[in-house]
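These notes are about the structure you will find just below.
What you are looking at is a predicted structure, and each value in this text was computed from that prediction instead of being measured. Just so you know, ligand 1 is whichever comes first in the structure, and atom 1 is the first atom listed for that ligand.
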Amino acid sequence: MASFEVIGGKALKGEIVPQGAKNEALQILCAVLLTDEPVTISNIPEIRDVNKLIELLRDMGVKVGKLSPDTYRFQADAVNLDYLDTPEFVAQGRALRGSVMILGPMLARFGKCQLPKPGGDKIGRRPLDTHFVGLEKLGGKLTLEGKDFYRISTEGRLHGAYMLLDEASVTGTANIVMGAVLAEGITTIYNAACEPYLQQLCKMLVRMGAKINGIGSNLLTIEGVERLGGTEHRMLPDMIEIGSFIGLAAMTGSEITIKDCQIQELGLIPDTFRKLGIQLEFRGDDIFVPAQEHYEIATYLDGSILTISDHTWPGLTPDLLSVLLVVATQAKGTVLIHQKMFESRLFFVDKLIDMGAQIILCDPHRATVIGLDQRNQLHGITMTSPDIRAGVALLIAALSADGRSVIENVEQIDRGYQYIDKRLTALGAQIRRL
Ligand SMILES: CC(=O)N[C@H]1[C@@H](OP(=O)(O)OP(=O)(O)OC[C@H]2O[C@@H](n3ccc(=O)[nH]c3=O)[C@H](O)[C@@H]2O)O[C@H](CO)[C@@H](O)[C@@H]1O
Ligand SMILES: C=C(OP(=O)(O)O)C(=O)O
């Protein structure tokens, strides 16, 4: 287990370029399985989860060529279905959440797939029912082995169907869309998730020859085609990383310019930071965050305490609530952070409380933060990173804190943030990997 030693309390300064989006990359990489033609993908982040998925695809027989540090060419013209029966495949499938999205493409193109319960953050129950209900509606037959091994197959082609999803699952929608593009007939998916990750996936599939209407909405209509061809695709910048850098700048009183953000794709993210009193300036497609000594949380019009909560897109992504919470600890004012989607994502506040933050964990979903208005600095401690976003929130806290902190289990952070220690060191942060 690696750790970061952080000496906090220093203002940072400079420019930073966000990496390609982790959660988009995981969808797009799985989509290469839908065609035997080459697919070239650029702006691929070099992070643990993405590297693991590329390795999984390679071991399944996909030809993988690295054209430059962030650009790869994939060709799935000789997929080895027998590999799915090996213990190595099972171990790789368990190692990340994104592996779940091979189900839709494999079922659609090869008529079968199997997978253990995928990995990812332990942040509460993460049911896969929506994935399988959708794939079964398309004609897939599911067999469950124990509680955590799934086999799905179809005789002949999948067929289009109408479905109203019980929840707008991000990876579930991706799986169903990738099944439906090669199904016979028309599929209608209502209550589809529509995060930018999914919009990007759908746009890429259209370039491959798929027929999809309603991209960006929660009603997708897909007319299946017999085959898809190759294409080129470039990943969006990672909106969660952009939000994390905004939070980092605010907490450490730093002036940071975040380059090439594709601001129009960020949804509510910039305005949510503004509600915490953080100034942001859009300079072309860059976000400039000025050094601020103080920032004040807005109230509702009637003066009551603000709530920041997550929602399916175009609501606020749950993946930024941990960062927003940590930023609020040094704001002036009070905010209720309400994490609606996941049950176990707020427990990391114990560590912030140990560092001197004023937080009341009301229940597993809600925490009230009473900001310190920079009157008392947090102080450094030793802590463990429980999940990817809590991990980065703790890193931000440590960089703002007085003295030395040690963050253990930073493999969690490495799942989604590319060389974060080196990139922040370039801005003046003092971080050492132990
Ligand atoms: C690899 C990847 O892309 N992971 C992301 C993906 O995970 P993932 O696709 O696994 O998450 P889902 O969208 O399936 O669901 C997230 C959680 O929210 C609940 N839920 C979801 C939709 C809904 O309408 N009601 C509801 O209660 C689910 O039961 C689940 O507990 O989307 C999540 C939600 O944005 C993000 O946190 C993850 O970073
Ligand atoms: C929860 C996340 O990732 P995963 O779904 O891969 O666990 C995340 O990216 O915040």
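- The protein atom (non-hydrogen) at minimum distance from atom 24 (O) of ligand 1 is Ala168 N, 3.2 Å.
- When non-hydrogen atoms are compared, ligand 2 lies under 4.0 Å from neither the backbone nor the side chain of Leu96.
- Those atoms of ligand 1 that come under 4.0 Å of a heavy atom in Arg125, given as number and element, are 31 (O).
- At a heavy-atom cutoff of 4.0 Å, ligand 2 is contacted by the side chain of Ile388 but not by its backbone.
- Ion pair Lys141/Glu136 not flagged as a salt bridge, since none of the NZ, NE, NH1 or NH2 atoms sits closer than 4.0 Å to an Asp/Glu carboxylate oxygen.
- A salt bridge does not link Lys22 to Asp238: none of the charged side-chain nitrogens sits closer than 4.0 Å to a carboxylate oxygen.
- Here the straight-line distance linking atom CD1 of Ile381 with atom OG of Ser405 works out to 6.5 Å at 0.5 Å rounding.
- Within the structure, the closest approach of Pro318 to ligand 1 falls below 4.0 Å when heavy atoms are considered.
- The side-chain contact (heavy atoms from CB on, under 4.5 Å) with Leu205 is formed by just one residue from the set Val181, Val225, Thr231; it is Val181.
- Per-residue contacts place Leu26 under 4.0 angstrom from the following atoms of ligand 1 (heavy atoms of the residue considered): 1 (C).
- Between Leu165 and Ile176, the closest side-chain pair of non-hydrogen atoms falls below 4.5 Å.
- Heavy-atom distances between Thr317 and ligand 1 stay at or above 4.0 Å for every pair.
- Atoms of ligand 2 lying under 4.0 Å from at least one heavy atom of Asp121, given by number and element, are 1 (C), 2 (C), 7 (O).
- Few gaps surround NZ on Lys52; more than 12 heavy atoms of other groups in view lie less than 6.0 Å from it.
- Exactly one of Arg389, Arg423, Gln412, Glu241 qualifies for a side-chain hydrogen bond (donor to acceptor under 3.5 Å, both in side chains) with Tyr417. That residue is Arg389.
- Atom-to-atom distance recorded for Ile246:CD1 and Ile258:CD1 is 4.5 Å, nearest 0.5 angstrom.
- Residue contacts with ligand 1 do not include Gly98, since none of its heavy atoms lies under 4.0 Å from the ligand.
- Of all the listed residues (Leu165, Asn23, Val170), Asn23 holds the heavy atom that lies closest to atom 5 (C) of ligand 1.
- Here the protein heavy atom with the shortest distance to atom 3 (O) of ligand 2 is Lys22 NZ, 2.9 Å.
- Comparing heavy-atom distances from atom 7 (O) of ligand 1 across Glu167, Arg415, Arg126 singles out Arg126 as nearest.
- Both tests pass for Arg274 against the ring of Phe282: distance under 6.0 Å to the centre and angle within 45° of the axis.
- In terms of protein heavy-atom proximity, atom 5 (O) of ligand 2 is nearest to Arg126 NH2, 2.7 Å.
- Residue-ligand proximity, Asn23 to ligand 2, at heavy-atom distances under 4.0 Å covers atoms 9 (O).
- Taking a cutoff of 4.0 Å between a charged side-chain nitrogen and a carboxylate oxygen, Glu411 and Arg48 do not qualify as a salt bridge.
- When only non-hydrogen protein atoms are considered, atom 33 (C) of ligand 1 lies nearest to Phe342 CZ, 4.1 Å.
- When the options Leu321, Ile388, Thr171, Asp319 are ranked by their closest heavy atom to atom 9 (O) of ligand 1, first place goes to Thr171.
- Among Arg97, Lys122, Arg345, the residue whose heavy atom lies closest to atom 1 (C) of ligand 2 is Arg345.
- Within a 4.0 Å radius of atom 15 (O) of ligand 1, the protein has no heavy atom.
- Using a distance-only test at 3.5 Å, with no hydrogens or angles considered, no donor-acceptor pair links the side chain of Glu15 to the main chain of Lys259.
- The ligand atoms of ligand 1 that sit less than 4.0 angstrom from a heavy atom of Thr312 are 22 (C), 23 (C), 24 (O).
- With a heavy-atom cut-off of 4.0 Å, Arg97 touches ligand 1 through its side chain alone.
- Taking atom 10 (O) of ligand 2 as the reference point, the nearest protein heavy-atom neighbour is Arg389 NE, 2.7 Å.
- Those atoms of ligand 2 that come under 4.0 Å of a heavy atom in Gly120, given as number and element, are 7 (O).
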| task | Check the pair Arg151 / Glu145 against salt bridge (Lys or Arg N to Asp or Glu O under 4.0 Å), numbers first and verdict last. | result | CA-CA 8 Å; Arg151 282 180 199 277; Glu145 284 173 22; 2.4 Å; yes
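- For the pair Lys422 and Tyr419, the cation sits on the ring face: its NZ or CZ lies under 6.0 Å from the ring centre, inside 45° of the axis.
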